[in-house]
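Notes to accompany the following structure.
Keep in mind that the numbers below use all heavy atoms, side chains included, and drop hydrogens, waters and symmetry copies. Sequence positions, counted from 1, serve as the residue numbers for this chain.
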Amino acid sequence: MRTILATLGGLALLLALFLGWCFREATGDPIVRRADVAMPGLERPIRIALISDIHIGTAAMGPKRLARIVAQINALKPDLVVIAGDFIFGHDPQGAARLGPAMIAPLKALRAPLGVAAVLGNHDYWTGAQATRGELARAGITLLENSAVLRGPIALGGIADDFTGHANVEATLRAARSLGKPIVLLTHSPDVAPALPADAPLLLAGHTHCGQVLFFGRNIAPEVSRYGARYRCGLVREGGRTVVVTGGLGTSGVPFRLGAPPDLWLLTLVPAAMAPTRKAG
């Protein structure tokens, strides 16, 4: 009996240590990944910080951690900050109203000459899109829902969430094209990528968490993309199209990450004449 109890105690300790490691990875400062992307027709370089999946409402994300990440982003001195949705976590229709005010407040401190723009994610629609819209407006963040705005040398289009059926790619492209600048698209789920035309060469997205929990590089959770691992993580180049999928800042479900640490991207868009680009890192 003592042997059995000792074995069970040892296993319990190992499990506790493993879960502690996963929690630590989930709550650490995000890795900053960098890449240059050549953009046809671009007049001058522009630096864009991409974040996603804040997921307020889990043990992995609170106001103090979010404020620390905001300071980290500001230190990078991007020209523009874009947020690819999922500010809130869960399915409670009152979740955004309950969690949003205190938790989104740190985002007011984001600083970028060309501002901060965002789209909503599936959790934002589930937990109260209208409440999330209000909180983003109070934080000074421009919300794009199948629409576009001019931001310096680019036309930034925001496609609403494809996962919940709100995406209208055609309307977004019409709005972006009318601005007469190279088009950069922002959305939550990267699944809109294969349908994009040649004049939309760059898509920025989140949603996948890069798998969130990987064992020996294998994703153990169900895929959240209908394309499987194709757009699971990182920088994906397909012909003339570049898709950048951030692993996000928070977690979905359990507050754990393993082999898929939180990250953000600092992208430098450069005129095509300045190519070749440096590798992503």
Side-chain angles (χ1 to χ4, degrees), residues 28-54 69-70 72-85 110 112-119 151-159 176 181-194 196 198-211 214 217 225 227 229-249 257 259-281:
D29 291 345
I31 294 170
V32 179
R33 307 192 188 278
R34 304 169 188 258
D36 285 3
V37 179
M39 289 284 292
L42 192 67
E43 300 167 354
R44 61 177 174 83
I46 176 174
R47 286 157 49 95
I48 301 177
L50 167 66
I51 63 174
S52 185
D53 297 277
I54 295 170
I69 294 171
V70 165
Q72 183 182 4
I73 295 168
N74 288 342
L76 297 172
K77 298 183 178 180
D79 299 307
L80 173 67
V81 178
V82 296
I83 309 174
L110 282 169
L114 300 179
V116 184
V119 293
R151 287 292 182 265
I154 64 168
L156 179 66
I159 304 172
K181 296 289 185 179
I183 296 172
V184 175
L185 294 178
L186 173 70
T187 194
H188 184 58
S189 168
D191 281 5
V192 300
L196 296 179
D199 65 341
L202 178 60
L203 177 69
L204 311 179
H207 183 56
T208 65
H209 299 206
C210 285
L214 306 177
S225 167
Y227 296 102
R230 180 174 173 181
Y231 303 114
R232 182 187 294 162
C233 190
L235 190 147
V236 182
R237 287 194 168 99
E238 298 179 319
R241 177 174 58 237
T242 300
V243 182
V244 181
V245 182
T246 173
L249 304 177
R257 281 181 178 263
D263 71 19
L264 63 90
W265 280 83
L266 184 65
L267 299 164
T268 302
L269 277 53
V270 297
M274 296 177 63
T277 64
R278 71 170 181 261
K279 294 181 180 180

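Within the 4.5 Å cutoff, no side-chain heavy atoms of Val245 are placed close to those of Cys210. In this structure, Tyr231 and Pro194 have side chains that are in contact, with non-hydrogen atoms separated by less than 4.5 Å. The shortest side-chain heavy-atom distance between Leu42 and Ile154 falls under the 4.5 Å cut-off. Taking the side chain as every heavy atom from C-beta outward, Val184 and Met39 approach each other to under 4.5 Å. Leu156 has its side chain out of reach of Leu114: every pair of non-hydrogen atoms, C-beta onward, lies at least 4.5 Å apart.
Listed by chain and residue number, nothing satisfies the salt bridge (Lys or Arg N to Asp or Glu O under 4.0 Å) test with Arg47 (two or more places apart in sequence, or in another chain). Qualifying side chain to side chain donor-acceptor pair (under 3.5 Å) partners for Gln72, counting only residues two or more places apart in sequence or in other chains: none. With sequence neighbours excluded, no residue forms a side chain to side chain donor-acceptor pair (under 3.5 Å) with Arg44. With sequence neighbours excluded, the residues that form a side chain to side chain donor-acceptor pair (under 3.5 Å) with Asp191 are Ser225. Listed by chain and number, the residues in a side chain to side chain donor-acceptor pair (under 3.5 Å) with Thr242 amount to none (sequence neighbours excluded).
Of the possible polar contacts, one joining the Asp263 side chain to the Gly247 backbone as a donor-acceptor pair under 3.5 Å is found. Checking side-chain atoms of Ser52 against main-chain N and O of Thr246 turns up no donor-acceptor pair under 3.5 Å. In this structure, the side chain of Arg151 does not engage the main chain of Gly115 through any donor-acceptor pair within 3.5 Å.
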Does Ile51 form a side chain to side chain contact (heavy atoms under 4.5 Å, CB included) with Ile69? I'd like the steps, not just the answer.
CA-CA 10 Å; Ile51 63 174; Ile69 294 171; 5.5 Å; no

Problem set entry | Val243 vs Arg230, side chain to side chain contact (heavy atoms under 4.5 Å, CB included): CA-CA, chis, key distance, verdict | CA-CA 10 Å; Val243 182; Arg230 180 174 173 181; over 6 Å; no

(Q) Applying side chain to side chain contact (heavy atoms under 4.5 Å, CB included) to Leu202 and Val244, what does each step give before you reach the verdict? (A) CA-CA 8 Å; Leu202 178 60; Val244 181; 4.2 Å; yes

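Contacts classified as side chain to side chain donor-acceptor pair (under 3.5 Å) and involving residues 198-209 (residues at least two apart or in different chains) are given here: Asp53-His209, His55-His209, Asn122-His207, Arg177-Asp199, His188-His207, His209-Gln212.
Looking at every heavy atom in both residues, Pro261 comes nearest to Gly259 through CD-C, 3.7 Å. The shortest non-hydrogen separation linking Pro153 to Pro182 is O-CD, 3.4 Å. Nearest heavy atoms, Ala84 versus Ala205: CB-C, 4.0 Å. Taking every heavy atom of both residues into account, Arg257 and Pro262 meet most closely at CD-CD, 3.5 Å. Shown here for Leu186 and Ala117, the closest heavy-atom pair between the two residues is CD2-O, 4.2 Å. Between Ile159 and Val119, the shortest heavy-atom distance links the atoms O-CG1, 3.9 Å.
The distance from the CG atom of Leu264 to the CD1 atom of Ile83 is 11.5 Å, given to the nearest 0.5 Å.
Checking Leu110, Thr268, Ile48, Leu266 one by one against Pro78, the side-chain contact (heavy atoms from CB on, under 4.5 Å) holds for a single residue, Leu266.
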